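Down below is the structure, laid out as structure tokens.
Worth saying up front: this structure is predicted, and the values here are computed from it rather than measured. In what follows, every chain begins at residue 1, and chains take the letters A, B, ... in the order their sequences are listed.
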Amino acid sequence: MNPDRDEIHSNGERMEQWHRALSRVAWIAALFCLAVLILLMANAYNSRANDPLKMPRLQSLLMELNRNPTDDALRAEVRRLDRQVRSAYFRSRAFAMNGFYLLIGGLSVFLLALEGMRTIRRQLPQPDSALAQNAVLAAAANRRAVIALGTVSAGTLITLAVMSRHDAAVEYTLRPEPLPTAAASRSDPASPLAPANPAPGGSSLPAPAPGDVSSSPPAPAPSGGSLQAPSQLGSTSSLPPESPTPNPAPPTPGAAVKPKPEPTPPPSSRKVTALFPKAWEAHWPVFRGPSGVGIALTRNPPTSWNGAQGRGILWKTAIPLPGMNAPIVWGERVFLSGADRTSREIYCLDARSGRILWRKPIPVPPLPSTFKVSRETGYAPSTMVTDGKRVCAIFVTGEIVCLDYTGKQLWIRSLGLPDSLYGHASSLMLYGNGVIVQFDQGSDPSQEKSALLALDIATGKTVWEVKRPVPNSWSTPILIRAGQQEQIITCGSPWVIAYDPRNGREIWRAKCLDGDVAPSPAYGDRMVFVCNVGASLSAINPFATGDITETGIVWTYTENLADTVSPISNGELLFLISTEGTITCLEAATGKKVWEHHYDTMFRSSPILAGKTIYLTDTLGVTYMFEAGRVFKELGKAELGEDVGATPALVGNRLYIRGKKNLYCIGQ
Amino acid sequence: MPQEEKKSRRDFLAEGVRTGSLILASGVLGALAIRAESGTMVWQIDPDRCISCGRCATECVLTPSAVKCVHAYALCGYCKLCFGLLRDKRTGNTTAAENNRCPTDAIRRTFIEDPYYEMYIDETLCIGCAKCVKGCNAFGNGSMYLQIRHDRCVNCNQCAIANACPSEAISRVPASRPYRMKKTIHR
Amino acid sequence: MLRTENGFLRRLFLSLLRMPLLLACVGLLCLPVSSPGQLEEAKKQPPPEFSSGYTPPLPSTPLPRAELFAYLDALILLSALSLAAYIVLTKRSRSALRVLTLFSLLYFGFYRQGCVCAVGAIQNVSLALFQNDYALPFVVGVFFLLPLVFALFFGRVFCSSVCPLGTIQEMVLLRPKRVPLPLDHALSLLPYLYLGAGVLFAATGTAFIICQYDPFIVFYRLGGNPGVVAFGAALLLLGTFVGRPYCRYLCPYGVLLRWMAPFARWKVKITPAECIQCHLCADSCPYGAIKLPTPPEQTEDRLTGRRRLANLLLLLPILVFGMAWAGYLSSPALSRMNRTIVLAERVWKEERGLVTGNTEASQAFYHRGGSPESLYREASRIRRRFDTGAALFGGWCGLVIGMKLIFLSLRRTQRDYEADPASCLSCARCYSSCPVEQERLGKFNHSGIRIELEPRQR
């Protein structure tokens, strides 16, 4: 043995020892990593139980504690569990962090050890002959593999393509504005009158009426153009919808507007129905609800609340500026306006939280000192309208402004300072894209100051305008459909006039009012009802043309007339509410008094009918609920704890009442 | 020799590609340099858009989330009953566990004077779950709201919370103004 | 190769043309934007008058990492790339390269937490190219371009030891096994498809899927989506015996580098002198990047080969257009990845009563007073983008598959063992296995072992 060999030998021995040591290190490191990994996984699994955001046990304990607030043992248990969960959470977070570092450390040691082992045992590379193969066969195999993968990816794409067919997402790209058609097509099968009445009373016929009483050829309007009766408006939702439409419908809607079914169904052209798009059913887009006559299409209205105690109050939000206008609601948004002498503002609130999403100050020129409004009217008495995209508001000073849903001002125009005893207070109405403004002013009709206008909601331009032979009034018009004839019913002194909403053409007029007119008309079954203190309550047959003072008034009633409160009808019965507190129930068809009830309070805001219940709020904020039936039956009484001047809005299961300072949302 | 000719041709081509690409790259870089005047952008939450859904606590790539509750004292109403701190259903008005809204007990209050307390959020404990934000928004002035804290945020290429945020409240803001504070009237 | 290269150049060129437009849009972006919710002052409780003279403190606003550091990152990237090029091409030292690898892993990986990386920057670039309202941050642009420029001169040195995704895989590679060649060829298509998908979703402003499914970033950040953690762990486990599975079979940036590297001025040369055809380097390469000499005999007659090639060339347009059509048809399904589309669809259904209740997103949408019309408009705009994008994506998939088949049918002749610059990751393993290199370094004499090297029979 030569010494050289020896040296190599002992060197090799030493290397072998090193190798063994490193191998042991590697094993230990690997086992360590494994252990840490298992612990980390266990920790991750456990930490789900300790997630401070979801602790079902703690939550249930808390609920129990809320039921028995005096249970001290339970309280102690909650505290103990809370502390335990929290500390466990932070412990497991720290554990995960440290574990990760340990794992990385362990892995580094493991890798280093393996590297060392490989260095010690490094061998000269040996050629591997397996690579030498038939190039042609190899290429064929490669191609096959590529084709296989290509097939898989093509298959994936084709599967996706197949999945993509009949996709709702495609719909709106093809038809950017398909809302009208969709609404119309939906209302067809859902039309409640379709099976009962073959005549198209409630079906969607966007075309003008066939020659009924006063079919209206699209004659040139008195001034300006004409409003297209958009297909959106085609569906006269004849109240109430009886079919199971997806939108909220009253549970027993039979009583809402339409009276008992006639044994021999009259021609549906003799029925008066509401005129509003189907899409409005789930909203409250204009003054007094979709129909404009105070009918709420809700299934489960709130029945009891107390504003002072906060019971039943979903939220309450202070409205910075005062206003007598009622809230309007579209989806989850509530709009109202407020104003004082120097500023005008429009508010948009979140219907769920009551948070003011935005408020838009409307810049207006300073008012001349001669301009006065009554304190009860205020500077923002008129309720706004919305078409689901835009909101329009009119102020006491005659400015109309239109905003989009982000609060951006689309247009503003002034109709001029109204010459009105209390200031302009009539609310806006909406027909298709036309904002209907009943702008009555002046003390003498011969001045020809009063007008009815339709403004394009998109631009603010006048679509049509007709002069009205009446002095200032404060009543809000309603939209109805008498058979197939669409009508705007306006109240003035002395004329009640019906106009064609498409072009402003006058259809009929009746002389039956007097004095300062404020209540809105109502309609029921086959008639329109108008009333005012100092005149009478008159039932008018709207299936007529021309001056129908002599021929069209079916009956009148003259006691306890309304001063500001609009009457309301469910078709069979008519309810007349006087400011002094008397409620009179009349038979709609005959005008015969059914019952009378007196509350010792004052009513200024108009009633709402939901199902069989009439909601009536007095000036002190007490809402009386009574049955819309042949006998007076009080169903409930609820206090808001704040003075109320505006008509409430009732949509979904929420009731919105605007108090003097705050807007309340009542509901669950 | 054809072989060499081919090689030189290939070299020439490569040279051309390289030069072209270089010119292009420098052009793009130059354009970038001009365009990048807006500076670095970082992610931030718009408190007006936030709906306190709680995803900030769960979706962030970091555990705990880089989103924390921020208390804008100037907006605080110093309510007697702070509903950022307390549950709405309480049994008594102590800040004990059964009444405390914060799941990690991250809200500390320090006494100022009767009856006012200053609410302070311990960011080492806060997990950005937005429970207090919800409470403060519903009952108080909304002075508590979520913000991405840039001492923690790793400023991902694409914010994972922004991906999951249902109200699209998270967007890029210039790093020079990295917070979106709520607007206040009283300063 | 050339064709695709031109495509890329064209895209860059187009982007240059669009620059003024982009600039204008960025300018517009800087204008103040009014937000709808400026209404907080209407709220409730005014602050009390404090008699103790207490003034409300300001909330703390810790600043983000200073921009200077971002430039520092770019500088470090530049130095790391230069160093890598020097080590790979001049020093030819694997151990030095490993030190640099470790540094990059620690710095770009654990310290910078894997962001910004060149791989993800693809999406920023596509977003900036296709969406006018997004300005590409300068440093991201540098991270995107520098490795490509270096690839043009020195090959894929970025992959070797700088990329945070590559380095972690490099570290765990213990016992490389060869991937069967057909499988390797098939899987190598995936990066192209992934690149296409990544660009599609980024350009439509939908998602950064490359970042979202980045498998290793979760290790750098010590946490993340459990699914991605599992994916990353599986890849690392696989990576102990399959060399860099992510880089070879997924990395979309690798595709771009693949296009650049063949034009490199200085490439990896395995043997410093005459190749002795010992085959050792090919065995040592864990990435299958070493092209073997073609065997002299071809068992297939020329005609069959030519006919196949002609067929494939004819197939190519069919494949491209067929896939483009399939892509176009699948656009609605793909567009569902986009939140605006999902929201628009939901709002659409809710408005028509086709569904009951709200989702959180639709609720938030109503809450902020968004207009459905503009939402639909925006969604249609995105849908049209998706229609184009998905068709292009489908066509791209067809093109990639067709081209791959064509390349596999081309004859090539090669004499020596050479590193394929497109797939060589410049890891420097082959140097030490080359006997000629060892001899150059005088290693043989050193250890006292001598072997006779005989050229293989040819």
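- In this structure, chain C has no heavy atom under 4.5 Å from any part of B:Q147.
- Most heavy-atom pairs under 4.5 Å with chain C, from the set B:R152, B:H71, B:E118: that is B:E118.
- In this structure, C:E360 contributes its side chain and B:P166 its backbone to no donor-acceptor pair below 3.5 Å.
- No donor-acceptor distance shorter than 3.5 angstrom exists from the side chain of C:R221 to the backbone of B:L62, with no hydrogens or angles considered.
- Only the side chain of B:R55 comes within contact range of chain C, with heavy atoms under 4.5 Å apart.
- Contact of C:L343 with chain B is made through the side chain alone, with heavy-atom distances under 4.5 Å.
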List the steps and the verdict of side chain to side chain contact (heavy atoms under 4.5 Å, CB included) for B:N163 and C:Q212. CA-CA 10 Å; B:N163 261 352; C:Q212 217 167 322; 3.4 Å; yes
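- The CG atom of C:D214 sits 10.0 Å away from the CG atom of B:N157 when rounded to the nearest 0.5 Å.
- If you tally non-hydrogen atom pairs under 4.5 Å between each of B:H150, B:R172, B:E113 and chain C, the highest count goes to B:E113.
- Under a cut-off of 6.0 angstrom, the local environment of CZ in C:F110 is crowded, with over 12 non-hydrogen atoms contributed by other residues, nucleotides or ligands.
- Residue contact with chain C, scored on non-hydrogen atoms closer than 4.5 Å, is absent for B:R10.
- Panel note: side chain B:Q158, backbone C:C211; no donor-acceptor pair is recorded below 3.5 Å.
- For a residue to count as touching a neighbouring chain, one of its non-hydrogen atoms must lie under 4.5 Å from one of that chain's; by this rule C:T55 does not touch chain B.
- With a 4.5 angstrom heavy-atom cutoff, C:T359 does not touch chain B via any of its atoms.
- Annotation: B:Y78 is in aromatic contact with C:F50 [ring centroid separation under 6.0 Å].
- Using a distance-only test at 3.5 Å, with no hydrogens or angles considered, a donor-acceptor pair links the side chain of B:Y179 to the main chain of C:P62.
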